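Since the model is a prediction, treat every value here as computed from it, not as a measurement.
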Amino acid sequence: MSQKLRHINHGSNNNQQHRGKELGDRPRPTRRSGGGNLCKLPFVFKHIALMPDAHGGKGMPIGGVLATKGVVVPNAVGVDIGCGMCAVKTNVKVADITQEVLRKKILRGIRKQIPLGRAHHKIAQPEEFMPQGHNLEATVVVARQQMSAMKQIGTLGGGNHFIELQRDEEGNLWIMIHSGSRNLGKQVGDYYNEKAEALNRRWFSSVPSEIQLPFLPMRTDEFRQYWAEMSYCIDFALANRRLMMQRIQEVIGEVMPGTVFEPMINIAHNYAAFENHFGEDVIVHRKGATLAREGAVGIIPGSQGTCSYITEGLGNPESFMSCSHGAGRRLSRPRR
């Protein structure tokens with residue numbers, strides 16, 4: 001499976017091809033990536049995998065994949081927990097959409113429905129849109145932030161988050177969204193990273209504090225609490241993308257009756273998960289990297305007019321079955 005998408009507002013002549021087998025290429029070593037710090041961790045399993053778009057981040061490089069034995073590292077997940085991509089293909093031909101309809105009806109309608117940047121909804125959204133099946137009483141940060149989160153769901157956020165209308169190689173309209181868990185994920189990430197720092201000092205941990213990679217061991221209350229809240233944030237980020245996608249579809253469906261929307265493709269790139277690699281059970285941290293098991297459908301977005309790609313995983317064991325997430329940066333935001 002391979003699909004190349006272009007932003008429909010740009011007349012790009014970029015004919016680059018991006019094949020799945022290229023995703024496992026090793027990035028050029030760089031001191032800025034911070035990958036060397038990961039090698040100092042005593043609980044690393046096998047090796048560190050850096051994706052082709054790896055660049056510096058707090059503690060863990062963006063574009064890094066870290067497998068550990070018996071611990072979770074909050075900074076190896078990051079603060080935008082569950083951040084990821086979603087995309088939906090439609091039966092609409094881009095050639096049939098006039099610029100007036102695009103700008104004055106579709107884009108204007110989307111802006112009315114979805115707050116951008118730091119903006120939130122003025123009123124809490126219905127609880128049915130929130131993640132289900134979680135015990136909020138067992139959480140600390142999520143429970144405290146719940147009312148705020150109900151105003152954040154269905155909002156885009158800032159930074160490199162985006163909503164794009166795109167055209168595929170057959171001329172079909174696609175909707176693509178990049179967003180995460182908003183301020184909720186940041187609150188959870190910061191809280192447990194600070195808790196891990198305090199515990200590591202108390203335990204006289206051998207992990208240097210200056211590399212900003214404190215850990216929480218399994219079978220501790222702190223590990224269980226972080227895992228529960230991280231899991232909620234992953235589901236919240238998905239629910240956030242799903243609600244935005246639903247409202248974008250409502251706008252397009254009203255403007256262009258008869259539009260058919262295919263099932264949503266979704267993939268996260270900031271999370272930790274229990275997985276089996278090289279015959280052992282480990283915790284895999286992906287921070288700016290996506291799961292690419294054999295046959296798994298993924299999304300690698302372009303940047304500001306370059307092509308995006310719908311991909312199919314090859315299951316490369318050396319990358320812990322991971323691939324790049326499409327950041328396209330050489331430096332972290334503070335260094336640009």
Side-chain angles (χ1 to χ4, degrees), residues 43 45 59-60 64-86 125 127-150 152-155 157 178-196 199 213-244 264 266-277 281-291 293 296 298 320-322 325:
F43 38 73
F45 176 72
M60 173 97 149
V65 180
L66 167 68
T68 62
K69 295 286 288 184
V71 307
V72 67
V73 183
N75 258 356
V77 172
V79 293
D80 196 357
I81 301 170
C83 185
M85 304 292 308
C86 67
Q125 301 301 287
E127 193 168 348
E128 65 190 70
F129 295 130
M130 300 294 284
Q132 305 298 315
H134 294 266
N135 180 12
L136 295 184
E137 293 181 359
T139 66
V140 177
V141 182
V142 168
R144 187 171 62 215
Q145 294 288 322
Q146 191 67 4
M147 185 53 65
S148 176
M150 292 179 72
Q152 295 171 38
I153 194 165
T155 68
H178 174 206
S179 191
S181 52
R182 306 293 279 109
N183 188 55
L184 178 64
K186 183 179 187 311
Q187 293 293 323
V188 169
D190 286 344
Y191 178 85
Y192 285 97
N193 184 64
E194 291 173 6
K195 187 172 283 287
L199 291 173
L213 290 166
F215 62 93
L216 297 170
M218 289 177 63
R219 295 183 295 277
T220 63
D221 290 340
E222 292 80 10
F223 178 99
R224 287 187 287 270
Q225 290 166 357
Y226 173 74
W227 202 267
E229 302 216 42
M230 177 196 70
S231 299
Y232 184 93
C233 288
I234 293 170
D235 287 351
F236 178 82
L238 170 57
N240 183 40
R241 292 190 292 274
R242 183 183 289 125
L243 181 55
M244 285 189 284
M264 187 175 82
N266 176 77
I267 194 160
H269 49 238
N270 285 353
Y271 65 100
F274 287 101
E275 297 179 8
N276 187 281
H277 293 275
D281 294 330
V282 294
I283 297 175
V284 176
H285 305 66
R286 292 186 177 92
K287 185 178 183 183
T290 63
L291 179 65
R293 286 196 184 109
F320 298 102
M321 301 186 186
S322 307
H325 82 311

Going from CG on Asn240 to CE on Met130, what distance comes out if it is rounded to the nearest 0.5 angstrom? 9.5 Å
Ring geometry between Phe320 and Phe45 (parallel below 30°, tilted from 30 to 60°, perpendicular above 60°): tilted
With sequence neighbours left out, which residue pairs that include part of residues 215-231 fulfil the salt bridge (charged side-chain N to carboxylate O under 4.0 Å, His left out) condition? Asp221-Arg224
So Gln146 and Tyr232, side chain to side chain donor-acceptor pair (under 3.5 Å) or not? Walk me through it. CA-CA 11 Å; Gln146 191 67 4; Tyr232 184 93; 3.2 Å; yes
Set of salt bridge (Lys or Arg N to Asp or Glu O under 4.0 Å) partners for Asp281, sequence neighbours left out: none
Would you please indicate yes or no on a ring centroid separation below 6.0 angstrom for His325 and His178? no
Residues in side chain to side chain donor-acceptor pair (under 3.5 Å) with Gln145, at least two apart? none
Rounded to the nearest 0.5 Å, what's the gap from CG on Leu291 to OH on Tyr271? Could you check? 4.5 Å
Hey, can you tell me if Phe274 and Trp227 have their rings parallel, tilted or perpendicular (30° and 60° cut-offs)? tilted
Where do Val65 and Met60 come nearest, in terms of heavy atoms and distance? N-CE, 3.8 Å
Salt bridge (Lys or Arg N to Asp or Glu O under 4.0 Å) partners of Arg286, counting only residues at least two apart: Glu275
Which residues satisfy the ring pair (Phe, Tyr, Trp, His ring centres under 6.0 Å) test with Tyr192, sequence neighbours excluded? Tyr226
Sort and list the pairs that fulfil salt bridge (charged side-chain N to carboxylate O under 4.0 Å, His left out) and have at least one residue in residues 128-149, not counting sequence neighbours. none
